[in-house]
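See below for the structure under consideration.
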4 protein chains.
Amino acid sequence: MFLAIDFQSDIPIYIQLKQQIIAGIARGELKEGEELPSVRQLAQDIGINLHTVNKAYNLLKDDGFILMDRRKGALINSLENMADEDFKFRLREEINPLIAQAFCKGMTEEELLLEIGEIYRSYSQGVKR
Amino acid sequence: MFLAIDFQSDIPIYIQLKQQIIAGIARGELKEGEELPSVRQLAQDIGINLHTVNKAYNLLKDDGFILMDRRKGALINSLENMADEDFKFRLREEINPLIAQAFCKGMTEEELLLEIGEIYRSYSQGVKR
Amino acid sequence: MFLAIDFQSDIPIYIQLKQQIIAGIARGELKEGEELPSVRQLAQDIGINLHTVNKAYNLLKDDGFILMDRRKGALINSLENMADEDFKFRLREEINPLIAQAFCKGMTEEELLLEIGEIYRSYSQGVKR
Amino acid sequence: MFLAIDFQSDIPIYIQLKQQIIAGIARGELKEGEELPSVRQLAQDIGINLHTVNKAYNLLKDDGFILMDRRKGALINSLENMADEDFKFRLREEINPLIAQAFCKGMTEEELLLEIGEIYRSYSQGVKR
DNA sequence: GTGGTCTAGACCACG
DNA sequence: GTGGTCTAGACCACT
């Protein structure tokens with residue numbers, strides 16, 4: 001799997017890393033049960049510190065995307081039925097300001113939903129459900 | 001207008017302030033040409049630092065949501081046709097990871113668009129277009 | 001408040017720190033809304049690294065014992081009605097092996113409950129409820 | 001006897017193993033003089049490293065729960081009157097932070113003792129004393 | 001001033 | 001070999 005980290009971005013590296021791995025799962029490139037590289041390995045590959053990778057892995061673990069197995073390291077978790085109310089609430093909280101902005105800038109509902117549907121399908125096409 | 005700042009949030013106060021003001025515009029509570037409180041006034045009302053309010057105002061100015069007038073202070077700008085390609089690009093960049101996450105957690109496209117449409121209409125209802 | 005860290009203990013420093021602060025709250029020495037020292041300050045006082053203090057604070061935040069206020073730093077949170085089912089489940093998980101051990105070693109239920117009641121009251125005496 | 005090891009737990013496998021065996025003794029499933037599986041056998045059954053089982057057995061031996069016999073392997077020891085002052089001291093040390101936490105979260109003494117009594121009796125019912 | 005991020009290097013516990 | 005802990009020192013964002 002290819003991880004593109006932008007060192008000039010104002011988004012922290014460990015957040016980018018987390019997002020890229022989630023995107024990898026969404027695209028179906030990382031499948032349930034698959035092992036992620038060790039923190040040391042990945043840190044070396046990307047050219048960053050192992051603590052930064054570690055932080056990303058821990059966030060992914062806390063959010064249920066991966067499991068930390070004592071024998072095998074980090075494993076992709078099952079991605080079924082995890083959209084509980086708590087997740088949806090946080091999603092709304094995060095997405096809300098973006099929608100307010102889009103509305104102010106004059107985007108219509110149709111335009112917005114079209115954009116989002118496109119992004120969604122860029123993921124759903126790669127994965128059988 | 002009511003500004004709800006969460007001092008425990010991991011979102012910086014000046015960003016929250018910016019988002020809340022945009023939401024106010026989106027809800028139609030702040031109309032074109034209307035004056036925002038002075039930096040000093042707002043800082044005192046909320047109980048935060050001058051610089052923090054200043055930063056938020058400057059961001060809003062940079063994004064075209066307000067105009068800074070030497071005599072009248074900050075004025076709400078017109079909200080027409082500002083969704084240029086650059087804005088849409090940044091919107092996609094920001095919304096993309098959220099959608100990947102929603103997809104991984106098992107949300108269907110319908111569910112997602114329904115949620116977003118609801119949020120959108122919570123704004124569009126208050127404003128005549 | 002006095003924090004006694006045992007550097008020889010096999011319990012990690014940040015865990016000891018977390019436990020000591022919880023004990024401080026339980027004894028009523030740290031009251032709701034009170035400010036904790038900054039990570040740098042406390043780290044210097046105890047003679048440890050600020051990252052170690054930071055880790056303890058973050059755990060306390062995750063467990064709801066403190067709030068991280070953007071203006072005031074770390075604040076003791078309200079300690080009302082936080083014993084939800086999730087907490088009780090984790091408590092049982094952690095306490096279970098200790099009880100199994102006590103049972104195997106021949107402690108009677110009375111003996112055990114007496115010990116625990118004593119510890120509990122060592123906390124409840126200092127706080128009005 | 002059924003040993004449920006959680007490879008995702010933050011508790012080391014050898015500690016889990018120790019706890020599970022003690023729980024087995026407490027439930028009366030493992031009786032005095034009974035033989036435990038050989039280190040090799042158990043390691044293979046659970047799918048873990050030899051060293052890990054070895055470590056657990058050695059801890060159990062140190063704590064007096066089993067005897068290591070050169071010919072018969074590991075034998076369950078008698079569980080009489082082993083709750084010396086040293087054990088009680090360590091028990092208090094370990095259980096204290098949990099109680100402080102429960103107190104902070106608002107559990108009453110009655111609630112706590114009820115929970116603990118329940119766990120205790122889940123063991124004492126299976127064993128004649 | 002604060003906490004957050006990132007780096008670097010060390011040691012240890014675990015498997 | 002792995003991840004977990006701790007240290008040390010740096011820079012930056014925030015208030």
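Throughout, a chain's letter reflects where its sequence line sits, starting with A, and its residues are numbered from 1. Remember, it's a predicted structure, so these values are computed and weren't measured experimentally. We use all heavy atoms of the structure for the numbers below, so side chains are in, but hydrogens, waters and symmetry mates are not.
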Which nucleotides of DNA chain F pair, in dot-bracket form (Watson-Crick or G-U under 3.5 Å, | meaning another strand): ||||||||||||||.
Over 12 foreign heavy atoms within 6.0 Å of CZ, A/Phe7: yes
Result of checking C/Ile22, C/Ile5, C/Leu59 against C/Leu17 for side-chain contact (heavy atoms from CB on, under 4.5 Å): C/Ile5
Donor on one side chain, acceptor on other, A/Glu32 and A/Asn77, under 3.5 Å: no
Sugar-phosphate, base or nothing in reach of A/Leu50, heavy atoms under 4.0 Å: nothing
Sugar-phosphate only, base, or nothing, as touched by A/Ile48 at under 4.0 Å among non-hydrogen atoms: sugar-phosphate
D/Phe65 backbone acceptor or donor facing D/Asp63 side chain under 3.5 Å: no
Where chain A begins and ends its contact with DNA chain E, read 5' to 3' at 4.0 Å from heavy atoms: E/dT5 to E/dG15
Selection: residues 56-73 of chain C, any non-hydrogen atom under 4.0 Å of DNA chain F: C/Arg70, C/Arg71
D/Ile15 or A/Phe7, whichever maps to the more 5' nucleotide of DNA chain E: A/Phe7
First of A/Pro12 and C/Ala74 reached from the 5' end of DNA chain E, by closest nucleotide: C/Ala74
CD/B/Glu34: more than 12 non-hydrogen atoms of other groups inside 6.0 Å: yes
Comparing A/Ser38 and B/Lys55 on DNA chain F - which has the more 5′ nearest nucleotide: A/Ser38
Under 3.5 Å side-chain donor-acceptor pair for A/Asn96 and B/Tyr123: yes
Short side-chain to backbone donor-acceptor contact, C/Arg70 and B/Ser9, under 3.5 Å: yes
Expected output: side-chain B/Gln16 to main-chain B/Asp6 donor-acceptor under 3.5 Å: yes
